[in-house]
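Shown next, in structure tokens, is the structure this report addresses.
Proteins come first, then strands; the chains are lettered A, B, ... in the order of their sequence lines, and each starts at number 1. Only a predicted model underlies this, so the values are computations on that prediction, with no experimental measurement involved.
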Amino acid sequence: MADLLSQLNESQQEAVKNISGPVMVIAGAGSGKTRALTFRIAYMLMQGIDAFSIMALTFTNKAANEMKERVTRLIGQTEGRNVWMGTFHAVFARILRMEAVHLGYPSSFVIYDTDDSKNVIKAVLKDLNLDPKAYPVSNVLHRISNAKSNLINDDEYINNPEIRDADFKANKPLIGEIYKGYNTRLKRANAMDFDDILYYTNVLFRDFPEILYKYQHRFKYILVDEYQDTNYAQYLIVKRIAALHENLCVVGDDAQSIYAFRGASIQNILNFKNDYPEHLLVRLEQNYRSTKNIVEAANQVIKNNKDQIKKTVWTDKETGDPISLLRASSDNEEGVLVANSIFGYRMSKQLNNKDFAILYRTNAQSRSLEEALRKQSIPYRIYGGTSFYNRREVKDLLAYFRLVVNPQDEEALLRIINYPIRGIGKTTVERLIVAANEQNSSVWDLIGDPHKIPSEINRGAISKIVDFVTMIRSFQSLHEKKNAFELASHINKSVGIIKALKEEDSPESISRIENIEELLNAIMEFSDKQFDETTGEQNQIRLADFMQDIALLTDQDKKTENDDVVVLMTIHAAKGLEFPYVYVVGLEENLFPSIMSINTRAELEEERRLFYVAITRAETKLTLSYAESRYRYGNIMLCEPSRFLDEIDESLFEQTKKASFKGTSSQPIQSFSTTNTHKPNFKPPHQAASKSATSTSTDSEFEPSDPEAIMPGMTILHQKFGKGEVLSVEGIGANKKASVRFLAFGQKQLILKFAKLKIISN
DNA sequence: GATTGTGCCCTTTTT
DNA sequence: GGGCACAATC
């Protein structure tokens, strides 16, 4: 045990040893936060504390897995496995399944992912006869999600004058009604969305004190990682469970709060002081991860934020390599430069692929990077994006499984009632939905009883519906007899998805078939590895067991054969991770910081914290990059370097590279020093594109003029931006660029080779 | 009812 | 450029 503590510095020891009472650890980036948490768990177990009485909460699956791994490394599998460690959603979904009956849910309730939720909202809009354009689905979902995160239910939402006012002003007065309809449907489908997991946990603990007491009593020790990212619902859950023993340890860093968009509030860190006046505050400020240059760059960036708790992150590591900046002319070239750089370092320094990570702001950026890595034969893996469980074919087969486990699952039913095609067409399905709504029942209950099927549906369709119901029922009857894998492969064979895909015979269908096989493999593995925690005996694993938390799995959490790969992911996904060589790409205005976030200080500061997180992932070498042009919305757009680049002092950069973006290279970036001034006029292209500008320009016989003919002073027409005046032209050949002031879009820089301009007048 | 074609959004970020 | 909703056609 002394051995354990001797591996930690003084502050870390403080964080580890004080296991009784509330503790708040404010931990700078790279200061050994996860280390402190895992050692704390190990320390508790060595003190003889029962593993079953410890709950450790994280935000991402990746962080949870990492922690599990580290704890078992310290103290071995036997005990480590018994600690309740996982994401908020995973841990409380588990509890909700045990207590579901109190909330009027079956314990087999299904968890709807974002896609399912969006489909439900679409259905509700249809129900209420609302225009989907007036109520954009993602926007509505966001509002509902926010309400749930703040524990505002549908009735409260509707009756709250402030909310009603805001919705009214936003021209969306009926969001409350949509919210209500959405909840009704979820309930009828025995489904919860992500936010419901936290919402209903709060309801459970609020309305059933004896249940709350049970868990308070059981979980005597609670740890929360990334506390700055908790929203109100999460904050309250933690507060409630911890209320009895108050052995609560939260770890956070306000500088790394990057989930405000999802309702996270730094307020929770501040509240901690009020909620637990007697708490112990520990500061971890020494960075063990990164070189001096990297730490210095991060500090320079974050000091531009007004909103922050002052702290000094420092390191006594070496100065290290300067920061590199890559400038590319296009997003594709950016990919190539990054791939070449990785290739070079890997060769000259004898590094592994897994020493490198490429981080970006949006998932869409991965494409050009992938392409370049593939050309260089550098193995890589993308985290996030369209995850395995989100692929169409996987969701299709899963929908059958869902229906077997929970036939009320409307989303699942509608997804597969006519897939593979079995002659139950759109009209029929629509009639079923209408009839179900009229009878206030689910579609499944309706078609389960042939007498209830509306008479306007023709005979042929009815017999097909009956066949479908019979098939699903036959699967259900096998559920208790077969284990998960047997039943899954039986269903897969019977429904004929593979057959349908084979008939498609396209390149994609082959990979779709592979994905289905992979899903079945995953189920087989799951069936094998599960055994009873107390007796060690192998249990019969049901399909329902496998289905439980499938919606909470995001990444390919499964291990693959080759772990030595370059890792690509969003910065959000990279939080809590570290890599020797880090590339932060796409440092351009309107991309990073995102165009969505440059209008308010709060949002911009969140972007800056995100950049801070990105920088501080690097251990030895940080490389930043940007492109001068990039595909966005199917158009090539000129980009300017991100304002964040200016916030890092020149002296930290490799000299030549920095010079280039200051505009002293052979090919100066015209826009760099001037563009900031016209920003107030800038409108996001998609916002304005639907307005008058496009109607004049999306002429079907649009014929661009020869780029060589474009001269200053001309009036031109652009397919997307409409009319504009050419202010100046510079460069030659492929590099020829024009500065154009558009009537509806303000001033823009365009590469003439791509821009497709039509001369209207000289 | 199924298949093919066409226009219209679009892109933050995660559970 | 791409995915998705809706319309036109077999």
Candidates B:dG1, B:dT11, B:dC9 - which lies nearest the side chain of A:M596: B:dT11

Among B:dT13, B:dT15, B:dC9, the nucleotide that comes nearest once only the side chain of A:T362 is considered: B:dT13

Sugar-phosphate, base or nothing in reach of A:T60, heavy atoms under 4.0 Å: sugar-phosphate

Distance below 4.0 Å between A:T570 side-chain N/O and B:dT14 OP1 or OP2: yes

Check: A:I433 and A:L414 side chains under 4.5 Å, non-hydrogen atoms: yes

Per-pair stack call A:Y259 and B:dT13, 5.5 Å, 30°: no

Sugar-phosphate, base or nothing in reach of A:D113, heavy atoms under 4.0 Å: nothing

Sugar-phosphate, base or nothing in reach of A:T114, heavy atoms under 4.0 Å: base

Nearest-nucleotide pick for A:F261, side chain only, options being B:dT15, B:dT14, B:dT11: B:dT14

Touch class at under 4.0 angstrom, heavy-atom based, for A:K575 against every strand present: nothing

Distance test, side-chain N/O of A:N61 to OP1/OP2 of B:dT14, below 4.0 Å: no

A:S368 side chain to A:E371 side chain, donor-acceptor N/O pair below 3.5 angstrom: no

Phosphate contact (B:dT13 OP1 or OP2) by A:S597 side-chain N/O below 4.0 Å: no

Any donor-acceptor N/O pair, A:Q256 side chain to A:K575 backbone, under 3.5 Å: no

From B:dG1, C:dG2, B:dT15, nucleotide with atom closest to A:R367 side chain: C:dG2

B:dT11 to C:dC6 separation - C1' atoms, rounded to the nearest Å: 23 Å

Sugar-phosphate only, base, or nothing, as touched by A:L198 at under 4.0 Å among non-hydrogen atoms: nothing

A:N590 vs B:dT11: side-chain N/O to OP1/OP2 distance below 4.0 Å: no

Whichever of A:A364 and A:T428 has its nearest DNA chain B nucleotide further upstream toward 5': A:T428

Sugar-phosphate only, base, or nothing, as touched by A:F88 at under 4.0 Å among non-hydrogen atoms: nothing

For A:R415 against A:A399, the heavy-atom pair lying closest together: CD-CB, 3.8 Å

Test item: A:F59 and A:T230 side chains (from C-beta on) under 4.5 Å apart, heavy atoms: yes

